[in-house]
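All values below come from the heavy atoms of this structure, side chains included, with hydrogens, waters and symmetry mates left out. Order of the sequence lines sets the chain letters (A, B, ...), proteins ahead of strands, with each chain counted from 1.
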Amino acid sequence: MIELENVGYNYGGGELLDAVSVQLAPGSFHFLTGPSGAGKTTLLKLCYGALTPTSGRVRAFNMDVHGLDRDQMAYLRRRVGVVHQDCRFLDHLPVIENIALPLLVSGRELGHEEANLHELLNWVGLSERAHALPPELSGGERQRAALARSVILSPDVIIADEPTGNVDWEMSQRLLQLLVELNRMGKTILVATHDLSLIRAAKNQVQARVLRISNRQLQLAGADL
Amino acid sequence: MTDSKLHKLILGDTQANRVVPPTGFTAQLTLFVAGAMGFLAVFALALSMASGRLADRWASELARAATLRINAPAEQRVAQTEAALEILRQTPGVATARALSGEEQAALLAPWFGSSLPAGSLPLPQLIEVTADDPGYDPAGLRLRLQAEVPGAVLDDHTRWREPLVDAARSLRRLAWVSILLIGGATAAMITLAANAALAANAQVIEVLRLVGALDSYIAQAFIRRFTLRALTGAAAGVVLGMIGVWLMPEASDEGGFLTGLGFQGWGWLVPLLIPPLGALVAFAATTRAATKRLGELS
Ligand SMILES: Nc1ncnc2c1ncn2[C@@H]1O[C@H](COP(=O)(O)OP(=O)(O)OP(=O)(O)O)[C@@H](O)[C@H]1O
Ligand SMILES: [Mg+2]
């Protein structure tokens with residue numbers, strides 16, 4: 001699905017990532033962890049094409065991400081659902097329309113997806129808040145809305161950056177449950193988190209691999225978690 | 001562009017429109033400027049059409065009428081007049097030729113000398129009114145023949161004072177056209193500035209739309225539609241006001257001369273109705289260009 005080959009990245013300062021190689025196979029579940037500032041968000045952005053590597057190659061769906069034009073990049077974004085660390089909503093539209101935004105911009109008939117949309121809202125526990133504006137939501141509600149938006153197009157890959165950063169244990173369990181269910185439906189999942197207990201909880205339910213960034217390198221974490 | 005796309009662009013996919021937040025103040029400014037431009041364009045158009053009519057009328061009316069003046073001693077005048085009339089009758093392209101009577105000549109002089117002038121007592125040249133046919137005669141050839149046979153005859157085909165007038169009317173029409181082009185250019189510039197401001201103000205919105213997989217064309221369409229519609233409505237209002245203004249001007253009359261002729265005639269009243277769609281077209285092109293450029297610059 002997504003393949004990084006000897007990828008290096010720097011924002012202009014020193015090298016942040018160096019010679020990173022990883023493959024996200026279809027249906028796999030990966031956690032990405034590491035200290036704050038290690039480059040987790042950066043690595044995720046490289047995976048969905050928001051950043052171009054300074055060295056090496058990123059391939060998504062067997063296409064070199066570097067060679068994509070703007071339209072092809074838009075189509076790629078529809079196949080990869082992303083939960084951003086800072087969520088990113090249109091603040092003038094209510095939550096329900098924000099969640100439906102990917103449908104709208106890809107020209108889907110909203111009428112057909114009505115039931116789906118409400119089920120999804122229910123799933124993330126936002127039915128009550130459907131008509132609130134994003135700035136009126138709590139941090140956890142925003143993250144749930146962001147997760148709902150990332151899966152509405154039923155993408156093949158879901159990349160989530162700290163999806164449980166602002167929610168309590170119970171809610172993070174629910175969000176994890178959602179991701180696990182999506183994985184069971186065959187989706188490829190990549191989650192950046194520094195919540196080790198979440199990773200432990202996940203390991204009981206799915207076969208998840210844990211990648212850790214340390215010293216600019218990506219390592220496969222052992223069973224010591 | 002397919003039918004459904006065009007349909008969407010005009011009637012709007014209301015849902016897609018909400019994606020970009022509404023902007024009250026810039027919208028009103030765009031409407032106002034488009035209205036002002038539409039209003040000005042109506043007057044420029046009226047000016048160009050009126051001066052065009054004037055140029056044509058002067059050129060054709062004056063070209064038709066000419067005067068032959070016979071300056072001859074009193075005893076030869078009648079004979080020379082007869083000879084000149086005979087030549088004129090034989091000249092192809094001359095429709096009528098008529099010697100003016102003494103009273104008519106006196107009437108022509110009356111505005112200058114008063115009606116109490118004893119016309120008969122003055123050695124006035126005899127005037128012959130010549131009207132050209134269509135196609136007309138060849139003035140140079142006629143002059144040569146008259147020179148040989150009627151030495152006292154001078155043909156005045158009004159070219160001397162007709163040409164500057166026709167030239168003036170034509171340059172007035174050119175100026176009016178330049179104004180119309182400038183109005184179009186100014187509209188394009190204004191819409192480009194406004195569209196760029198809107199694109200910059202909505203940078204965050206554009207970024208989120210890109211993140212969820214919107215194509216540039218989808219994002220651009222939201223802006224293009226807005227500005228095209230604003231230009232269309234603004235210009236339509238301006239044109240209506242401008243046309244009322246032109247309509248309220250006094251009827252064309254001889255006394256008023258050129259000034260009162262400034263308006264539209266007959267089918268001409270339909271021409272200003274082209275201004276709003278043309279304004280919309282200009283806005284469409286300007287916004288498309290601004291949006292394509294700006295979105296292309298994003299990473
Ligand atoms: N646009 C940018 N320009 C310059 N430096 C940046 C930029 N974005 C991130 N950085 C720097 O790169 C480093 C890695 O950032 P990144 O966001 O990838 O970290 P992270 O692992 O996601 O951290 P956290 O766990 O806090 O989210 C940080 O030191 C950060 O300051
Ligand atoms: Mg981060």
>> Heavy-atom cut-off 4.5 Å, strictly under: side chain, backbone, both or neither for A:Arg149 against chain B?
In response: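 Looking at A:Arg149, just its side chain touches chain B.
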Next item on the list: May I ask you to test the A:Glu136-A:Arg129 pair for a side-chain heavy-atom distance under 4.5 Å?
Entry: yes
_So which residue, A:His84, A:Met73, A:Arg88, ends up with the most heavy-atom pairs under 4.5 Å with chain B?_
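Ranked by heavy-atom pairs under 4.5 Å with chain B, first place is A:Arg88.
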One option among A:Leu101, A:Thr52, A:Leu76, A:Val82 has the most heavy-atom pairs under 4.5 Å with chain B, and it is A:Leu101
- prompt: Are more than 12 heavy atoms from other residues, nucleotides or ligands located less than 6.0 Å from atom CH2 of A:Trp123?
  reply: yes
Query raised in the report: Do A:Arg79's NZ or CZ and the ring of A:Phe61 fall within the cation-pi criteria of under 6.0 Å and 45°?
Result: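 Pair A:Arg79/A:Phe61 counts as cation-pi.
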For B:Phe43 and B:Gly242, the nearest pair of non-hydrogen atoms, with its separation, is CZ-O, 4.0 Å
